[in-house]
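Following: one structure in C-alpha cells, then a few remarks.
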Amino acid sequence: MKQVEFYEEVYGREIEGKAETYDKARNCSETLINNTWRRIRDFYARSKSVNEVFHCFEEQFSFRGGERVLEIGCGLGTPGTEVCIENRDRIHYVGLDFALKPLLSLRRRFAENGAGHFRLVHANILDECFAHESFDIVFGRGILHHFDKTKKPVLAKRIYSLLKPGGKAFFLEPLNTNPVMVSLRALSRPFRPNLSWEHPFSSKEMKSFVTVFDSHEVHYFIAFSLLSMATAFHRTLFEVTDQAFNKIDHALSSRSWWRKFYTKCVITLSRH
Ligand SMILES: C[S@@+](CC[C@H](N)C(=O)[O-])C[C@H]1O[C@@H](n2cnc3c(N)ncnc32)[C@H](O)[C@@H]1O
C-alpha cells in the first residue's frame with residue numbers, strides 16, 4: 001500500500017473513532033501478547049522519559065508576534081499544533097500534509113477553537129508549494145524520517161530555502177542508531193507495511209542534514225530508559241526504574257560515543 005493511502009485509511013479510522021475496534025479485530029487484542037504490548041506502550045507514553053522529549057520540543061516555540069509558521073506533516077495535529085492554537089491571535093499558521101482526511105478534520109477543529117484563519121495545504125512538501133523565505137518557523141513531529149537517504153538532502157535544502165533569514169526549524173524524530181531498535185525494526189519489517197517508508201536518521205544522515213543550516217543543535221533522548229519497559233508490569237517499579245535510567249540518559253547524552261544508543265531526538269536548525 002502506498003504511503004498516502006495508508007495514512008488516509010489510518011486517519012479515517014481514527015476520525016470515525018474506529019481505531020480501537022479495528023485493532024481488536026485485526027490483532028486479536030485480547031491475546032496475552034497484545035495486552036502486554038498495549039500495557040507497556042501506555043506506561044511508556046506516560047513516562048518521565050517520553051514527557052521530557054515533548055517538553056524539549058514544546059520549549060522550542062517562542063513567539064514575538066506576527067510569525068509565519070509552517071508545520072510539515074501535521075496529520076491530525078500534534079502538541080506543536082496545540083501550542084500554535086494557544087497563540088492563534090499572534091501568529092499565522094500553515095499546516096501541510098499529503099493526506100487529505102486529517103486536514104479536513106483539523107480544519108473543523110481550528111474553526112471550533114477560534115483559529116479559523118489558520119491555513120491548511122494539501123500537498124507534498126517536496127513540491128514547490130511556497131515561495132522562498134516564507135516562514136519564520138518550520139516544525140514537525142515524526143516527519144523527516146519519511147524521507148530516504150536520497151531525499152533527505154533535498155528536504156533539508158527545501159526547509160532552508162523556506163526559512164526567512166533569522167528563521168528557525170525544529171523537529172522531533174526517531175533515530176536509527178540504537179542497535180536494539182535497529183534489530184527490532186528489521187525483525188518487525190515484514191509485519192508493518194509502514195516501515196517501508198520509515199527511514200530514521202543514521203549518524204551519517206544526521207550530519208549531512210544539519211550541515212545544510214547555518215547552525216544547529218541536537219538533543220538526544222531515551223537510551224537506557226528503554227530498559228524500564230521490562231518493569232511495565234508494576235507501576236511503582238516502572239516509575240522508579242524510569243527515573244533512574246532517565247538520570248543515566250541525561251548524564252551520558254553529552255558524550256558523543258554514547259549517542260548511538262539514543263532513540264529519539266529534537267533537532268533545532270537555524271538560518272542566519
Ligand atoms: C508519522 S505521521 C506524523 C503525523 C503528525 N506529525 C504526528 O506527529 O502525529 C507522518 C505524517 O506526515 C505526512 N507526510 C509524509 N510524507 C509527506 C510529504 N512528503 N509531504 C507531506 N506530508 C507528508 C503523512 O501523511 C503523515 O500525516
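Along the sequence shown, residues are numbered consecutively beginning with 1. Each ligand, and each atom within it, is numbered from 1 in the order the structure gives.
Ionic pairing of Arg271 and Glu133 is present here: one or more N-O contacts between side-chain nitrogen and carboxylate oxygen are shorter than 4.0 angstrom.
Between Phe61 and Phe57, the ring planes are perpendicular. Angles over 60° get that label, and only those under 30° would be called parallel.
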Pair up each side-chain donor or acceptor in residues 162-178 with any protein partner under 3.5 Å, not counting sequence neighbours, and list the distances.
residue: Lys164; atom: NZ; partner: Asp136; partner atom: OD2; Å: 3.4
residue: Lys168; atom: NZ; partner: Gln60; partner atom: O; Å: 3.1
residue: Lys168; atom: NZ; partner: Gln60; partner atom: OE1; Å: 3.3
residue: Glu173; atom: OE1; partner: Leu144; partner atom: N; Å: 3.4
residue: Glu173; atom: OE1; partner: His145; partner atom: N; Å: 2.9
residue: Glu173; atom: OE1; partner: His145; partner atom: ND1; Å: 3.1
residue: Glu173; atom: OE2; partner: Gly142; partner atom: N; Å: 3.4
residue: Glu173; atom: OE2; partner: Ile143; partner atom: N; Å: 2.8
residue: Glu173; atom: OE2; partner: Leu144; partner atom: N; Å: 2.8
residue: Asn176; atom: OD1; partner: Arg185; partner atom: NH1; Å: 2.8
residue: Thr177; atom: OG1; partner: Lys260; partner atom: O; Å: 3.1
residue: Thr177; atom: OG1; partner: Tyr262; partner atom: O; Å: 3.4
residue: Asn178; atom: OD1; partner: Val180; partner atom: N; Å: 2.8
residue: Asn178; atom: OD1; partner: Met181; partner atom: N; Å: 3.2
residue: Asn178; atom: ND2; partner: Phe261; partner atom: O; Å: 2.6

Salt bridge (Lys or Arg N to Asp or Glu O under 4.0 Å), that's the test. Do Glu112 and Arg108 meet it? Break it down for me. CA-CA 6 Å; Glu112 285 160 14; Arg108 281 194 294 276; 5.7 Å; no

One line per pair, note the atom names and distance for all nitrogen or oxygen contacts under 3.5 Å between ligand 1 and the protein.
residue: ligand 1; atom: 6 (N); partner: Gly73; partner atom: O; Å: 2.7
residue: ligand 1; atom: 6 (N); partner: Arg141; partner atom: O; Å: 2.8
residue: ligand 1; atom: 8 (O); partner: Arg141; partner atom: O; Å: 3.4
residue: ligand 1; atom: 8 (O); partner: Arg141; partner atom: NE; Å: 2.5
residue: ligand 1; atom: 8 (O); partner: Arg141; partner atom: NH2; Å: 3.1
residue: ligand 1; atom: 9 (O); partner: Arg141; partner atom: NH2; Å: 3.0
residue: ligand 1; atom: 19 (N); partner: Asn124; partner atom: OD1; Å: 2.9
residue: ligand 1; atom: 20 (N); partner: Ile125; partner atom: N; Å: 3.1
residue: ligand 1; atom: 22 (N); partner: Phe98; partner atom: N; Å: 3.2
residue: ligand 1; atom: 25 (O); partner: Asp97; partner atom: OD1; Å: 2.6
residue: ligand 1; atom: 27 (O); partner: Tyr11; partner atom: OH; Å: 2.7
residue: ligand 1; atom: 27 (O); partner: Asp97; partner atom: OD1; Å: 3.3
residue: ligand 1; atom: 27 (O); partner: Asp97; partner atom: OD2; Å: 2.7

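Judged by distance alone, the side chains of His199 and Glu205 never bring a donor and an acceptor atom under 3.5 Å apart. With no hydrogens or angles considered, a side-chain donor-acceptor pair links His272 and Ser215 at under 3.5 Å.
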